[in-house]
Structure formats: structure tokens, C-alpha cells
Participant: 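My questions all concern the structure below.
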Protein chains: 2
Amino acid sequence: MSYPVFAVTVDLVVLTVREGELQVLLVRRGCEPFLDRWALPGGFVLADEDLATAARRELAEETGLDGPGGHLEQLASYGAPERDPRGRVVTVAYLALLPDLPAPTAGTDAAEAEWRPVGQTGLAFDHDRILADGIERARSKLEYTPLAAAFCPPEFTVAALRQVYEAVWGESIDPRNFHRKATTTPGFIDPTGGATEGGTGRPARLYRRGEASLLNPPLLRRRLDG
Amino acid sequence: MSYPVFAVTVDLVVLTVREGELQVLLVRRGCEPFLDRWALPGGFVLADEDLATAARRELAEETGLDGPGGHLEQLASYGAPERDPRGRVVTVAYLALLPDLPAPTAGTDAAEAEWRPVGQTGLAFDHDRILADGIERARSKLEYTPLAAAFCPPEFTVAALRQVYEAVWGESIDPRNFHRKATTTPGFIDPTGGATEGGTGRPARLYRRGEASLLNPPLLRRRLDG
DNA sequence: CCTTTTCTCGTCACCTTGACGATAATCGTC
DNA sequence: GACGATTATCGTCAAGGTGACGAGAAAAGG
């Protein structure tokens, strides 16, 4: 039995909240095809490597990060016959949510890598589509899981968490209602006992990410229509 | 630049509601590896074929069905290095939701294909895991989308729709509250004007699947805990 | 005609949410 | 040190959704 031969890559939709907006990590391609075009970071899966392992390796290579912070999950796979002019390539896209930590793209290779506001189009291959799918997944995940905390440092305030929601969803949220929701939904966030110092206004209590995997009840964004 | 060589397959988690319970289409393997073991139906992606096209082709081959009824979506990809002893194979799993139509597995090839209650384990490869992921996806989809109608024939009653929910979720639902929810959520179901005849009890109105892609508000199952 | 069955509609208490007022705790300035 | 600005936190209230459950409507069968 013979069967077609494929190459398999992983591509990463790495999202963070910087400067009050949702941004994505993009690299400028240094070789053909799509030379000099912006693209999602990614690379080939090695011969003896699991898909998730390849995704973690690429993420570490591009960002220098690896630790327990943030979140990485499989997004979807894309395998249209003509998506890569070099041949038959199937890519498994992963979605990463990272806090806005100091090391901005201070990794290693990846010609130039930069944080760019989402909404930029004209990416290489079918990466416009993959990015759009990743953003929608992130927006949806914030509704049903406590993963917004993956965008925050280990300890954060309710206001910081709210600003994540506002940046990812692109809509403003009432601070008082959000505070009630965040502090009363079981397993969403846990108080550390500490508080912020030195800022303007009343000091805010600090929280850690809660242990729940699902928000119950969920925190739904406003839907315009069905 | 050289890179590892892969084979790519699609595997299908085909679910239906039969005899009041959730069932999955399984085939008995006719060749090594895992000879005679139950497995999800699937096959290799052809040289010039898109992933979704391959999934639709396999679905048609195994079930004989193809029409507009039902629902097919990508589930996830699985590519552990040792998941197939023949070599490096990445599989893209698809989830199909089908009504319980007459032609039960009356397709073509696929040595023996049968509807089996979900919950059966001991499948070939990593298909236990894929099946579990598919079931969880289906349960979740029923919460946020009108896709339960994909398990029903084109025209159906509210009671039939409720029985789909009960079978997929494995819990009983109050018929009166479900009726209110199904008939008042915009875009969930649309009345055809017709009604059932000849059954026992009061005739039930018939409905078609609504045009909404998302239930708003969603229809959440009971969660034991976060 | 009466019972059984199932569909459909109502009622009521409870909870969650959106809108928004009020208080608390800090900083900067005078 | 008093005062206003700023932000965090807590309360209040009405509207809407949900769970629990009663009751009528419309058929079949004896």
C-alpha cells in the first residue's frame, strides 16, 4: 500500500496583551517562498517529536520563554494542497497565551520577530486564516475558562484581569460588575493576601489564577445577534 | 533543507443517537497492525486532496451518506511518534454528527462497520483518546450551538430534540423547561406548521433547524463542580 | 365517556446580570 | 494637614433566565 508523502509543520499563534491591546508575535520571512513577508512563527516537526513537543520547542525558540506561565493548546490543522508552493505540507497550529513579560521577542533565531497588533493582514501562506481562528478561539476561551490569567503575571489585580478581557474582546466592561463576577465565581481567582503599592488610587488586592478549568457560570461577552 | 517525512490520515468520530443512546461508528480492522481490533473509520489523505475533502470522502465511503443533513467539523490532530508502528503518521480527526437514518452502515468497503454504544474502550491506535475527545466536543457543542438538530431528521419534534440532549449528555431534562428554552431561543428551531400523526398522546408540532450558529443564551448542562 | 399519554402553556422562587450609586483607601497638591 | 483626584471595593435595584412543578389541550384506546 503506497500513500502520499507529507511534511508536517507547527505554526504558532502567540498572543499577548501589550499597551492595552491584543498583539501577536510575527516573524519576517528570510527565505522563499513569501520572502520578507510577515508570517506566524513555526517550523518542521522533527522525526521523533510529538506535535505538542514541537510546539513547545518552537515557542521556546521564538520567545525564550518556557516556564509554567502562559498557556499552550492545539488550535487546528490546515492542509490545503496548494497552501505551500514547495510541496504538500500540513501544518498543525497551536495557540499560545502569554503575559507581557520583559523579554520582548528576545529569543534566538527567527530573523526578526515582533509583537504586532492583531488585525494586520497580508501574512504568508494561509496565516491570515490561522490567525483569525486563533483570535476567535482566544475570545471564546475567555468566556468559559479562567485562562485570561494566562495573559497576566503570576500575581495580578482584578483591574488587570479586566483589561485583558477588554483588550481581547475589544469592548469595555463595567469595573464593578466585573469585580463581582471575578471574585464570586468559584475557582476563577484566589487572593494572595497582598496588595499593590505606590500606584495612583486605592491599592488593589492581588490574586492568583484559580484552580478551576471551567468558569461556572461562564462570563459571556455581549453578542450582537445569533 | 531536509525534513522528516510523514503520512497523513483522517479519522472519523461519527456519532448518532440510536435506541435512545449515543452511538459511534466503528470498523473492525482487516489488516495489521491491530488486526481484528475495533477502530475509528479513516484512511490516508490523497495526494491532491484537502483535509476536509478527505474527511467527507471517508464519511461517504463508510456511511453512504453525503447529503446536506448532519454536520462535519475538524476535531484535532494526533501525532505521537509511536502511535502507528508502521511509521510516522499524523492523523487529523474529524467529528461527524448524523441523524439515525435507515441505511445503517450500508456503505461499501470497511470490512465490518457497526454502530456501537460509546463507552467501549480498547480501540486500535490512540482511538480511545480521539473518541473521548470527540464525545466531549459533541457535548460541548450542544451547549452553545443548535447542532443537536444534526442528530435529527430534517423535521423533528421538540421531544426528539430533547432526547438527543439526554442521550448525548447522559442526563434527564425537564420536558417543560426544555420546551420553553427550545421555542424561545431565537434561531434555535423554526416551526414548519406541520405536526406528528398517529402516535400516542397529543400530536407534536414539527420544527426545522434554525439559522442561528450560536445559541444565545446557551443551553448549559448541569456541572457537578468547576 | 373515561383513562392514559404526551404536548403545550403558566406560575413562582431563586439566581445572575446590567446599570449605577456610595464608600474606602491611597497619592499629589496646596 | 485638608482637599480633590483616582481607583478599588461594596451595595442596591430592576430585568431576565432557569429550575421545579401545576394544569390544561389534544390525541388514542378501551
Participant: Does this structure show an ion pair linking B:D190 with B:R208, if we count only N-O contacts that are shorter than 4.0 Å?
Facilitator: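 Result for this pair is no, no salt bridge flagged.
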Participant: OP1 or OP2 of C:dC7 less than 4.0 angstrom from a side-chain nitrogen or oxygen of B:H179, does that happen here?
Facilitator: no
Participant: When the distance from CG of A:L220 to P of D:dG16 is rounded to whole Å, what number comes out?
Facilitator: 17 Å
Participant: What's the closest nucleotide to the B:R202 side chain, out of C:dA24, D:dT18, C:dT8?
Facilitator: C:dT8
Participant: Take the protein atom CG of B:L215 and the nucleotide atom P of D:dT18, then report the distance between them rounded to whole Å.
Facilitator: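 The distance from CG of B:L215 to P of D:dT18 comes to 10 Å, rounded to the nearest Å.
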Participant: Starting at atom CD1 of A:I173, determine the distance to atom P of C:dA19, rounded to an integer number of angstrom.
Facilitator: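 Rounded to whole Å, this separation is 12 Å.
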Participant: Could you check whether any side-chain N or O of B:R29 sits under 3.5 Å from a backbone N or O of B:R37, counting only pairs where one atom can act as donor and the other as acceptor?
Facilitator: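 Pair absent, no side-chain N/O of B:R29 close to backbone of B:R37.
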Participant: Please check the phosphate of D:dG17 (OP1 and OP2 only) for any side-chain N or O of B:K181 closer than 4.0 Å.
Facilitator: no
Participant: Under 4.5 Å between any side-chain heavy atoms of A:Y144 and A:L220, yes or no?
Facilitator: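 Sidechains of A:L220 and A:Y144: in contact.
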Participant: Write down the distance between CZ (B:R205) and C1' (C:dT6), rounded to a whole number of angstrom.
Facilitator: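 In whole Å, C:dT6 C1' lies 13 Å from B:R205 CZ.
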Participant: With a non-hydrogen cut-off below 4.0 angstrom, is A:R176 in contact with a base, only sugar-phosphate, or nothing?
Facilitator: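 If one applies the 4.0 Å heavy-atom cut-off, A:R176 turns out to touch a base.
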Participant: Send over the distance from A:D174 CG to C:dT16 C1', rounded to a whole Å.
Facilitator: 15 Å
Participant: Salt bridge or not between A:R137 and A:E143? Use side-chain N to carboxylate O under 4.0 Å.
Facilitator: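 Salt bridge flag = no for A:E143 with A:R137.
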Participant: Toward the 5' end of DNA chain C, which comes first, A:E197 or A:T185, by nearest nucleotide?
Facilitator: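 Final value for this comparison: A:T185.
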Participant: Whole Å only: how far is the CZ atom of A:R221 from the P atom of C:dT16?
Facilitator: 22 Å
Participant: Given atom CZ of A:R162 and atom C1' of D:dA8, what is their separation to the nearest angstrom?
Facilitator: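 Value for this atom pair: 10 Å.
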Participant: Rounded to the Å, how far apart are B:N216 CG and D:dG16 C1'?
Facilitator: 13 Å
Participant: Would you classify B:G198 as touching base, sugar-phosphate or nothing, given that sugar-phosphate means primed atoms plus P, OP1 and OP2, and contacts are heavy atoms under 4.0 Å?
Facilitator: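 Result for B:G198 = nothing.
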Participant: Taking the six-membered ring for Trp, are A:F125 and A:H127 parallel (under 30°), tilted (30 to 60°) or perpendicular (over 60°)?
Facilitator: tilted
Participant: Please determine, for the side chain of A:P203, which listed nucleotide (C:dT17, D:dA8, C:dA25) has the closest atom?
Facilitator: C:dA25
Participant: OP1 or OP2 of D:dT18 less than 4.0 angstrom from a side-chain nitrogen or oxygen of B:R180, does that happen here?
Facilitator: no
Participant: From the list D:dA20, C:dC7, C:dT6, which nucleotide is the closest neighbour of the side chain of B:N177?
Facilitator: D:dA20
